[in-house]
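What follows is a short report on a single structure.
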Amino acid sequence: MPPPFLLTRPFVPPLGWIAARYIAQNRLRLLPSARPLDPAHRACLSGFFNHDLLDRVRVMQGPIPRPPLHSLALILGLEDLPDMSTAGAITFVELVVYPDDLSVATLFHELVHVAQYDALGLMHFARLYVRGYLESGSYEGIPLERQAYNLEARFTREPDATFSVEAEVDHWREHRRY
Ligand SMILES: [Zn+2]
């Protein structure tokens, strides 16, 4: 069930800024400890993402930092905000942080987010993510997540049927599906 109207639109700009700062600060803090993609992962994904993106991506194993947004959302009464600290992975622009194992399906999902960051820019990505959550009332309802899950499922079903994730992202952006 979506949150009450008064908890939606007016909160998007301030929560968007808080989310963008969380992403930017953690990216800067953690990038020095990260490494490039493993060659095996890169080979699996090279038919889906452009080489520039695959070269820039960094990965690291570590706990997912708890977003400050979480405490603020609790104050606002959004008690069912997804607890990101238990997620399978999180992506800060081009940096993927994962607490346990990184499956190729999860990595694919996170790289869809990298392509979304590339297309939208950090600030706009953060704003659309927050707006998607506030409007849909659930993590699964966020359009940026819906696309990442859809493309991940398509990849898992047919890992040899390559397609361009960047083209899919451009298509969604042009048709304002975020
Ligand atoms: Zn995701």
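- Counting only heavy atoms from C-beta outward, the side chains of Leu111 and Val96 approach each other to under 4.5 Å.
- Other residues, nucleotides and ligands contribute over 12 non-hydrogen atoms within 6.0 Å of the CZ atom of Arg35.
- Minimum interatomic distance between Leu122 and Ala24 (heavy atoms only, all atoms of both residues): CD2-CB, 3.9 Å.
- Screening Tyr129, Phe125, Phe92 for a ring-ring contact (aromatic ring centres under 6.0 Å, His included) with Tyr117, the sole residue that qualifies is Phe125.
- Note on ring orientation: taking the six-membered ring where Trp is involved, the planes of His109 and His113 are perpendicular (angle over 60°, cut-offs 30° and 60°).
- The CD atom of Gln116 sits 4.5 Å away from the OH atom of Tyr178 when rounded to the nearest 0.5 Å.
- Residues Ile90 and Ile23 fail the side-chain proximity criterion, which asks for heavy atoms closer than 4.5 Å.
- Below 30°, between 30° and 60°, or above 60°: for Phe155 and Phe108 the angle between ring planes is below 30°, a parallel geometry.
- Scanning all heavy atoms of the two residues, the minimum distance from Pro99 to Gln61 falls at O-NE2, 3.3 Å.
- Under a hydrophobic clustering in which Ile, Leu, Val, Met, Phe, Trp and Tyr are joined whenever their side-chain heavy atoms come within less than 4.5 Å, directly or via other members, Tyr98 and Tyr149 fall into the same cluster.
- Put simply, the side chain of Ser46 reaches to within 4.5 Å of the side chain of Leu54, judged on heavy atoms.
- Using a 4.5 Å cut-off on side-chain heavy atoms (C-beta onward), Val165 and Leu53 make no contact.
- Heavy atoms only, all atoms of each residue included: Ala119 and Val169 are closest at CB-CG1, 3.6 Å.
- The two residues Ala89 and Thr106 make their nearest non-hydrogen contact at CB-CG2, 3.9 Å.
- Note: Asp118 CG to Glu94 CD = 8.5 Å, rounded to the nearest 0.5 Å.
- In this structure, the separation between CG on Leu95 and CD on Glu110 is 10.5 Å, given to the nearest 0.5 Å.
- Residues Ile18 and Tyr22 form no side-chain contact, since every pair of their non-hydrogen atoms from C-beta on lies 4.5 Å or further apart.
- A continuous path of hydrophobic side-chain contacts links Phe163 to Val104 [ILVMFWY only; heavy atoms under 4.5 Å].
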**OP:** Quick one: do Tyr133 and Glu145 satisfy side-chain hydrogen bond (donor to acceptor under 3.5 Å, both in side chains)? Show the steps, please.
**Re:** CA-CA 10 Å; Tyr133 176 73; Glu145 287 300 346; over 6 Å; no
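- The line from CZ of Arg58 to OG1 of Thr91 is 14.0 Å long, rounded to the nearest 0.5 Å.
- At least one side-chain heavy atom of Leu144 sits under 4.5 Å from a side-chain heavy atom of Leu120.
- To the nearest 0.5 Å, atoms CG (Leu37) and CZ (Arg56) are separated by 11.5 Å.
- Side-chain atoms of His124 and Arg173, non-hydrogen and from C-beta on, never get closer than 4.5 Å to each other.
- A 6.0 Å sphere centred on CG of Asp101 holds no more than 12 heavy atoms belonging to other residues, nucleotides or ligands.
- Separating the CG atom in Asn26 from the CG atom in Leu31 is a distance of 10.5 Å, to the nearest 0.5 Å.
- With contacts defined as side-chain heavy-atom distances shorter than 4.5 Å, the pair Val112/Glu152 does not qualify.
- In this structure, Gly132 and Ser136 approach most closely via the heavy-atom pair O-OG, 2.8 Å.
- Scanning both residues, Arg154 and Glu168, for their nearest heavy atoms gives NH1-OE2, 3.2 Å.
- The closest donor-acceptor contact from the side chain of Glu166 to the backbone of Asn50 lies under 3.5 Å.
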